[in-house]
Chemist: 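My structure is below; once you've seen it, I'll send some questions.
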Amino acid sequence: MADITISLPDGSKRILPAGASGADLAADIGPGLAKAALIVSVDGIQRDLAGPLDDGASVAVITADSDAGLHTLRHSTAHVLAQAVLDLWPGATYAIGPPILNGFYYDFELPDGATFSADDLEAIDARMREIIAADQPFERFETSASDALGLFAGHRFKQEIIERVTAGEAGSEMAGEMAATAPQGGTAAGVISCYRNGDGFIDLCMGPHVPSTGRLGHFALQTVAGAYWRGDEGQPMLQRIYGTAWASRKELAGHLHRLVEAEKRDHRRLAAELDLVSWPEALGPGLAVWHPKGAIVRKQIEDYSRARHETGGYDFVFSPHIAKAVLWETSGHLDFYADSMYPPMEVDGASYYPKPMNCPFHVLIYDSGQRSYRDLPLRYFELGAVYRYELSGAIHGLMRSRGFTQDDAHIFCTREQVAAELASLLEFTLSVLRAFGFDDFQAKLSTRPTEKAVGDQELWDMATDGLREALSTAGLSYVVDEGGGAFYGPKIDVDVTDAIGRPWQLSTIQLDFNLPERFGLEYVGSDGGRHRPVMIHRALMGSIERFFGVLLEHYAGAFPTWLAPEQVRVLPVAGEHQGYAESIVERLVADGFRASVDPADEPLGKRVRAGKVAKVPHVLVVGGDDVANGTVGENARGADSPERDLPLDDFVERLADEVDAKR
RNA sequence: GCCCGAGUAGCUCAGUUGGUCAGAGCAGGCGCCUUGUAAGCGUCAGGUCGUCGGUUCGAAUCCGACCUCGGGCUCCA
């Protein structure tokens with residue numbers, strides 16, 4: 001039999017006997033790799049280790065070190081979860097169970113509408129570990145759609161998937177998905193692939209999978225949740241189990257530890273601990289009140305935003321919280337956004353809606369007079385409070401609320417001005433975000449939807465090119481969401497990455513070809529003719545409340561000094577030093593700093609601790625020596641040890657520098 | 001909205017099978033202590049056990065409804 005030649009990623013070649021599998025290749029390279037190998041990538045297509053390799057193929061052996069390997073590990077663990085559930089609940093059926101970030105889930109429907117309870121997870125976990133201990137091989141086989149329908153008799157979700165896959169070949173929406181994902185398993189068109197492990201467990205799956213269940217085990221089942229089939233409220237509610245899975249015990253422990261850490265910086269917990277914000281039940285879900293310490297931080301954020309807009313070419317405007325139905329009819333909100341609006345108040349025979357957006361008001365301001373091309377661009381800025389009727393289950397602290405304030409602006413410009421306007425706007429956006437300590441950005445460009453869209457193609461192209469240019473000028477990496485734009489215009493969304501690596505979508509820059517049309521906006525051009533302006537919606541922080549929440553989590557409550565609610569706390573060592581402490585605070589407050597005295601009613605150690613726990617950036621201790629010499633003992637937040645005998649003037653200068661530098 | 005889970009002092013929690021189970025620590029008030037760097041001592045006050053109904057001789061505990069909060073509701077075979 002002729003040998004086959006395989007190319008490896010490093011460019012080297014290996015000769016193997018004909019019929020050799022990925023596992024054989026891994027073993028040929030070395031015993032360590034043989035043990036670690038999970039799947040192979042053959043000419044860029046992921047496959048099981050067990051399958052034979054073709055002569056001349058480029059093959060990479062994939063281990064759990066790579067994302068692809070981890071994905072496979074999680075995907076296979078999801079299968080074991082399904083096997084365990086089907087073992088334990090006779091009559092249960094299963095839907096889908098993909099790998100996700102850090103883990104996996106699987107959706108089930110239990111007989112007679114039964115639901116999982118949190119206690120069930122323990123039994124499922126135990127059964128999964130038995131399956132893993134049995135080291136059952138994952139065996140792939142392929143079949144026709146009609147045979148597959150028989151194989152999954154009684155499992156309606158699997159049958160639906162098979163039907164969709166089959167229909168997909170005729171060119172439905174599913175075809176695109178399959179085309180995009182087929183390389184994962186290398187399934188030929190018209191063939192349904194399945195995996196069998198254990199005595200009778202079979203799942204419909206593209207694969208690939210790890211060689212056997214024994215390769216799994218570092219997992220934890222996490223939560224039970226309801227999830228609609230295909231994410232559609234009109235579809236049945238399935239029972240979803242989430243889990244996390246890793247290549248080693250250590251990585252699993254690390255992940256669980258990170259979850260605990262993330263919980264510690266949960267903004268809702270910190271908001272309560274630091275006395276910043278609360279959500280009194282009497283207000284209703286998704287509505288918060290700002291306590292003095294939270295409010296002063298928010299004020300710093302807003303003041304900074306206003307100052308930047310004031311020097312950034314914006315005009316300030318204000319608009320009311322409610323408006324008559326006719327405004328929302330004209331803007332179209334009542335057509336496509338009514339579900340998210342609070343119901344109207346009836347006053348004097350008219351219906352007034354709380355505003356979910358500020359744009360129509362700004363449009364009216366534009367429309368309050370005749371505009372010349374010489375006036376453009378016009379940039380209207382408002383910290384506008386809006387109210388949106390979010391689903392009660394979607395509400396989440398300050399991150400998703402029913403009342404919030406946008407750092408909102410609308411720019412009205414000519415078509416010719418769009419590109420330049422976008423470029424400077426993106427620079428402006430990043431500059432503002434950087435001031436708050438974010439420097440890791442990721443952008444998304446959303447382009448023209450394939451179906452309905454308003455505005456001519458030329459306009460879309462120009463605006464989309466403008467956005468693209470702005471992104472490259474700013475040196476921002478971005479992904480393109482083809483067809484992901486709204487019907488009324490393309491947009492850029494900007495994510496920041498926080499201190500523990502989580503992305504938050506903050507900024508959005510959105511072209512709008514629709515509202516100017518609906519409101520019949522015009523300007524007089526240099527040709528004397530009337531033209532339609534282009535409108536740009538933009539928010540940098542998005543929601544001030546949410547931005548505050550993101551900052552709170554980013555800094556784990558330890559706001560930089562310029563934002564900190566309490567910048568300096570002065571602790572007199574004993575009662576006799578109270579006067580000196582007060583004189584320091586007086587001076588600091590006069591200079592515009594936020595400072596207070598914590599009197600000597602408690603032992604110094606206790607007060608120092610209280611200052612640290614409150615995350616005050618500077619805790620000053622002043623005693624007899626300091627009174628005599630005009631000095632302070634400085635405890636900088638995060639410093640290991642105090643700095644004694646620091647001249648007060650030096651401290652104030654340092655503090656001022658720190659605040660100026662926004663540190 | 002829908003699925004699962006949770007609601008006991010301001011906060012974190014304990015309360016065994018329904019029968020002194022209404023408790024603790026921290027925070028708060030008041031005294032004492034006058035402190036040189038991460039919790040001094042004493043004392044007082046605080047709760048309709050989320051709300052409303054029901055079962056029971058008796059409910060924080062069991063049942064139902066409601067309210068609020070938390071997690072989830074396509075990262076897609």
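A, B, ... follow the sequence lines: proteins, then strands. Residue 1 opens every chain.
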Chemist: Contact class for A:Glu576 vs. all strands (heavy atom < 4.0 Å): base, sugar-phosphate, or nothing?
Modeler: nothing
Chemist: Base, sugar-phosphate alone, or nothing: which one does A:Asp601 contact when heavy atoms must sit under 4.0 Å apart?
Modeler: base
Chemist: For RNA chain B, what residues of residues 616-625 of chain A have any heavy atom nearer than 4.0 Å?
Modeler: A:Val621, A:Gly623, A:Gly624, A:Asp625
Chemist: To the nearest angstrom, how far is A:Glu602 atom CD from B:rC30 atom P?
Modeler: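 Answer to the nearest Å: 11 Å.
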Chemist: Measuring only the C1' atom in each nucleotide, how far is B:rA38 from B:rC21? A whole number of Å is fine.
Modeler: 36 Å
Chemist: By the 4.0 Å heavy-atom rule, please label A:Ala610 as base, sugar-phosphate, or nothing.
Modeler: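 If one applies the 4.0 Å heavy-atom cut-off, A:Ala610 turns out to touch nothing in the nucleic acid.
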Chemist: Taking the minimum atom-to-atom distance to the side chain of A:Tyr242, which one of B:rC73, B:rG71, B:rA77 wins?
Modeler: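 Closest of the options to the side chain of A:Tyr242: B:rC73.
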Chemist: Do A:Thr508 and A:Asp493 pair up side chain to side chain, a donor and an acceptor below 3.5 Å, judged on atom types alone?
Modeler: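 The criterion, which ignores hydrogens and geometry beyond distance, is satisfied for A:Asp493 and A:Thr508.
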Chemist: Quick one: the side chain of A:Tyr228 and the base of B:rG1, do they pair up donor-acceptor inside 3.5 Å?
Modeler: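 Answer yes: a donor N or O sits under 3.5 Å from an acceptor.
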Chemist: Given 3.5 Å as the limit, does a donor-acceptor pair link the side chain of A:Arg388 with the main chain of A:Pro356, or not?
Modeler: yes
Chemist: For B:rC26, give the paired nucleotide (Watson-Crick: N1-N3 plus N6-O4 or O6-N4; G-U: N1-O2 and O6-N3; both under 3.5 Å), or none.
Modeler: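 In the structure as shown, B:rC26 has B:rG10 as its Watson-Crick or wobble partner.
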Chemist: Under 3.5 Å for both donor-acceptor distances, Watson-Crick or wobble: does B:rU61 have a partner, and if so which one?
Modeler: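 Because no pair has both required distances under 3.5 Å, B:rU61 counts as unpaired.
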Chemist: Tell me yes or no: between the side chains of A:Glu482 and A:Thr447, is some donor less than 3.5 Å from an acceptor?
Modeler: yes
Chemist: Give one of base, sugar-phosphate or nothing for A:Thr115, where a contact means two heavy atoms less than 4.0 Å apart.
Modeler: sugar-phosphate
Chemist: Considering only B:rA39, B:rC3, B:rG71, which nucleotide approaches the side chain of A:Thr223 most closely?
Modeler: B:rG71
Chemist: Looking at the rings of A:Phe108 and A:Tyr94, which for Trp means the six-membered one, are their centres under 6.0 Å apart?
Modeler: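 A:Phe108 vs A:Tyr94: aromatic centres not under 6.0 Å.
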Chemist: Could you state the CZ-P distance from A:Arg637 to B:rU37, rounded to the nearest angstrom?
Modeler: 22 Å
Chemist: Looking only at the side chain of A:Ala225 (C-beta and beyond, no hydrogens), which of the listed nucleotides B:rG71, B:rU37, B:rC75 gets closest?
Modeler: B:rG71
Chemist: B:rU37, B:rC75, B:rA39: which one has an atom nearest the side-chain heavy atoms of A:Arg609?
Modeler: B:rA39
Chemist: What nucleotide, of B:rG71, B:rU37, B:rA77, holds the atom closest to the side chain of A:Pro642?
Modeler: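 The answer is B:rU37, which lies nearest to the side chain.
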Chemist: For a quick check of understanding: with a heavy-atom distance under 4.0 Å over all strands, which category does A:Arg644 fall into, base, sugar-phosphate or nothing?
Modeler: base
Chemist: Using a 90° cut-off around 0 for syn, call B:rG46 syn or anti.
Modeler: syn
Chemist: Grab the NE2-P distance between A:His577 and B:rU37 for me, whole Å please.
Modeler: 14 Å
Chemist: Any side-chain N or O of A:Arg400 less than 4.0 Å from the OP1 or OP2 oxygen of B:rG70?
Modeler: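 Indeed not, no polar side-chain atom of A:Arg400 lies that close.
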Chemist: Please state the P separation for the pair B:rG64 and B:rC4 - nearest whole angstrom.
Modeler: 12 Å
Chemist: Could you check A:Leu238 against A:Ala574 and say which one's nearest nucleotide on RNA chain B is further toward the 5' end?
Modeler: A:Leu238
Chemist: The side chain of A:Cys205 lies closest to which of these nucleotides: B:rG36, B:rG71, B:rA77?
Modeler: B:rA77
Chemist: Describe the nucleic acid contact of A:Asp203 in one word from base, sugar-phosphate, nothing, applying a heavy-atom distance below 4.0 Å.
Modeler: nothing
Chemist: Whole angstroms only, please: what is the CH2-P distance between A:Trp279 and B:rG10?
Modeler: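 Nearest whole value for this atom pair: 18 Å.
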Chemist: The side chain of A:Pro285 lies closest to which of these nucleotides: B:rG72, B:rU68, B:rA77?
Modeler: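 The listed nucleotide nearest to A:Pro285's side chain is B:rU68.
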Chemist: Check whether the ring centres of A:Phe548 and A:His267 lie less than 6.0 Å apart, and answer yes or no.
Modeler: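 Centroid distance A:Phe548-A:His267: not below 6.0 Å, so no.
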Chemist: By the 4.0 Å heavy-atom rule, please label A:Gly397 as base, sugar-phosphate, or nothing.
Modeler: sugar-phosphate
Chemist: For A:Arg269 and B:rC69, give me the distance from atom CZ to atom C1', rounded to whole Å.
Modeler: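 Interatomic distance, CZ of A:Arg269 to C1' of B:rC69: 15 Å.
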Chemist: From CG of A:Leu391 over to P of B:rG1, roughly how many Å is that when rounded to an integer?
Modeler: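 Interatomic distance, CG of A:Leu391 to P of B:rG1: 8 Å.
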Chemist: Any chance CG of A:Asp67 has more than 12 other-residue heavy atoms, nucleotides or ligands included, within less than 6.0 Å?
Modeler: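 12 or below, so no.
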Chemist: Can you tell me, in whole Å, how much space there is between the P of B:rC69 and that of B:rC11?
Modeler: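 My reading of the P atoms in B:rC69 and B:rC11 gives 15 Å.
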Chemist: What is the distance from CD1 of A:Ile395 to P of B:rC67, rounded to the nearest Å?
Modeler: 13 Å
Chemist: Say you pick atom P in B:rC2 and the same atom in B:rA59; how far apart are they, in whole Å?
Modeler: 32 Å
Chemist: Where the side chain of A:Lys606 is concerned, which of B:rA39, B:rU37, B:rG1 is the nearest nucleotide?
Modeler: B:rA39
Chemist: Could you check whether any side-chain N or O of A:Ser144 sits under 3.5 Å from a backbone N or O of A:Asp147, counting only pairs where one atom can act as donor and the other as acceptor?
Modeler: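 It does hold such a pair.
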Chemist: Which is more 5' along RNA chain B, the nucleotide nearest A:Val632 or the one nearest A:Phe116? Just name the residue.
Modeler: A:Phe116
Chemist: Please report the distance separating the P of B:rG19 from the corresponding atom of B:rC62, rounded so that it comes out in whole Å.
Modeler: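 Straight-line distance between the two P atoms is 11 Å.
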Chemist: In whole angstrom, give me the gap between the C1' atoms of B:rG15 and B:rC49.
Modeler: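 Taking atom C1' in both B:rG15 and B:rC49, they lie 10 Å apart.
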Chemist: Distance check, C1' atoms only: B:rU61 and B:rA14, in whole angstrom units.
Modeler: 14 Å
Chemist: Both distances below 3.5 Å, Watson-Crick or wobble geometry, any strand: find the nucleotide opposite B:rU55.
Modeler: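 B:rU55 is unpaired by these criteria.
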Chemist: Do the side chain of A:Asp498 and the main chain of A:Ile500 share a donor and acceptor less than 3.5 angstrom apart?
Modeler: yes
Chemist: I'd like to know if the side chain of A:His255 reaches the main chain of A:Thr244, judged simply by a donor and an acceptor atom lying under 3.5 Å from each other, with no hydrogens or angles considered.
Modeler: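 Not at all, since once roles are kept as given, no pair shorter than 3.5 Å links the two residues.
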Chemist: Please check if any side-chain donor atom of A:Tyr242 sits under 3.5 Å from a side-chain acceptor atom of A:Arg240, or the reverse.
Modeler: yes
Chemist: Where the side chain of A:Met237 is defined as all heavy atoms beyond and including C-beta, which of B:rG36, B:rC3, B:rU34 is the nearest nucleotide?
Modeler: B:rC3
Chemist: Using side-chain heavy atoms (C-beta onward) and a distance below 4.5 Å, is A:Glu109 in contact with A:Trp229?
Modeler: no
Chemist: How many whole angstroms separate atom CD of A:Gln239 from atom P of B:rG72?
Modeler: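 Value for this atom pair: 16 Å.
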Chemist: Expressed in whole Å, how much space separates the C1' atoms belonging to B:rG31 and B:rU37?
Modeler: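 After rounding to an integer number of Å, I get 26 Å for this pair.
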